[in-house]
Amino acid sequence: MVDIRIKSVTLHHVKVPLKHPFNTHLQKVKERESILLEVTDTDGIIGVGECVAFASPWYTEETVDTAWNTLEKWIIPSMLNQSFSHPDHLESALNAIKGNHMAKAAVNHAFWDLYTKKLNKPLWQVIGGIKETIEAGVVVAAATDFEMKEEIDAAVEKGYKRIKIKISQNTNPKDMKSIIAKYPQTLFFADANGAFTESTINQLRAFDDCGFALIEQPFSEQINRISAEAQKTMKTPFALDESIASYEDALDMIERKSGKIIVMKQGRVGGLSAALRIHNQCIQAEVPIWVGGMIEFGVSKAFNLAFASLPGVTFPGDFSSSSHFWEDDLAFPLIDICEGSIRLSSSPGVGVEWNQSIVQQFEVRNKLFK
Ligand code: OSB
Ligand code: MG
């Protein structure tokens, strides 16, 4: 049994330009602001984490500033100089703090890394992973139809087995159908980020025979009731992203049938501990999971990859190479795609570290708590 006493926590606020703007109907992301974490125990072992909240509240309510504030005022004081024998115990200690899932997930991750380093085992093995290679998938979020077609051609060329296309009410389903027909070997997902409403269900239905393997988050998370109604009338399964912020939300989706597949983002549900509970529930209910991305750096991606090795994860996730978004990733080793797949690390812990010199280049502020 390990007993981990937390000695210090360091936060780094960074701002890094994306190679190309990431366009959704909600937001154009040109640079990524994030909070990077290091949690050090009394033996000097360091666990790493990454908070995936964005600079503005376009995807969830949390932002970099709200997460920093919650970490500084509430989360870090609840863990400093405390001992925990398992990441789930740290999670329980934070139950008195409501919401703030992305801030909590970042410390939950850092503690899982520390914990599995102490066990001297790769994280993915400790959580029950069964796959050593993970299928790569990429997201096309282009500004124009022309760019979208170019990016899809390039993604197929690079060997991605799955391509996710951002759609909205302005997307033409006929165009989608012809693009998908061009690449019968590639799996296509659509992600609407909640673009459809009760009054535009018919526009959504027009995507039903495009050949998409699934449609991600057709409606906003406020109208899961409408999602359930629409799902009854469409053959393409819905995969819910924004709607799943907790274990209870996953149960709700399964019961209501507002979707048939879960998109796992550990930051959105509060961390790996919470994500594992949802995974076990999905195995029981025979509901497939896949792992969504957040335009992240290598640390968050490594936690996603470890999760993707679990038996309940049955569709390829948002796993592009480090060079897809970044000129220089802030973490190492970098993610490489080899024949459409990514090999998991055999190092203890999550298997990646912050690249301190690159972090320094992009740092806006930092703070050490001890
Ligand atoms: O809706 O899945 C989403 C990125 C940021 C915020 C929300 C989403 C996304 C993506 C995945 O589509 C991008 C990636 O590969 O990291
Ligand atoms: Mg999504």
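Start at 1 with the first residue, then count along the sequence. Whatever order the structure lists ligands and atoms in, that order sets their numbers, starting from 1.
Coordination check, E242 versus the Mg ion (ligand 2): failed, since every N/O/S atom of the residue sits at 2.8 Å or beyond.
Here the heavy atom of the protein found nearest to atom 16 (O) of ligand 1 is I295 N, 2.8 Å. Protein heavy atom nearest atom 6 (C) of ligand 1, with residue, atom name and distance: W58 CH2, 3.5 Å. Taking atom 9 (C) of ligand 1 as the reference point, the nearest protein heavy-atom neighbour is G293 O, 3.5 Å. Given atom 5 (C) of ligand 1, the protein heavy atom at minimum distance is F54 CZ, 3.4 Å. The single protein non-hydrogen atom nearest to atom 12 (O) of ligand 1 is K166 NZ, 2.8 Å, given as residue, atom name and distance. Distance from atom 2 (O) of ligand 1 to its nearest protein heavy atom, with residue and atom name: K265 NZ, 2.8 Å.
Rounded to the nearest 0.5 angstrom, Q360 CD and N355 CG are separated by 10.0 Å.
When the options K7, K118, R5 are evaluated for a side-chain hydrogen bond (donor to acceptor under 3.5 Å, both in side chains) with D41, the one that passes is K118.
Considering backbone and side-chain N/O of F22, none are found under 3.5 Å from N/O of ligand 1.
Taking every heavy atom of N193 and a limit of under 4.0 angstrom, the matching atoms of ligand 1 come to 1 (O), 3 (C). Near E216, meaning under 4.0 Å from any of its heavy atoms, are these atoms of ligand 1: 2 (O). Each of the atoms 1 (O), 2 (O), 3 (C) of ligand 1 lies under 4.0 Å from some heavy atom of D241. The ligand atoms of ligand 1 that sit less than 4.0 angstrom from a heavy atom of V139 are 11 (C), 12 (O), 13 (C), 15 (O).
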* Yes or no on side-chain hydrogen bond (donor to acceptor under 3.5 Å, both in side chains) for R205 and N202, after CA distance, side-chain angles and deciding distance? -> CA-CA 5 Å; R205 283 201 189 103; N202 283 335; 2.6 Å; yes

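Ring-plane geometry between W58 and F54 is classed as tilted, the angle between the planes lying from 30 to 60 degrees on a 0 to 90 degree scale. Classified by interplanar angle (parallel below 30°, tilted 30° to 60°, perpendicular above 60°), the ring pair F212/F207 is tilted.
The atom of E216 that is an N, O or S and sits closest to the Mg ion (ligand 2) is OE2.
Within the 4.5 Å cutoff, the side chain of F189 has no heavy atoms near those of the V139 side chain. The closest side-chain heavy-atom distance from F196 to S227 is not below 4.5 Å.
Assignment of F319 to the shell around ligand 1 is not supported, since no heavy atom sits closer than 4.0 Å.
When every heavy atom of E62 is checked against every heavy atom of H101, the shortest pair comes out as OE1-N, 3.2 Å.
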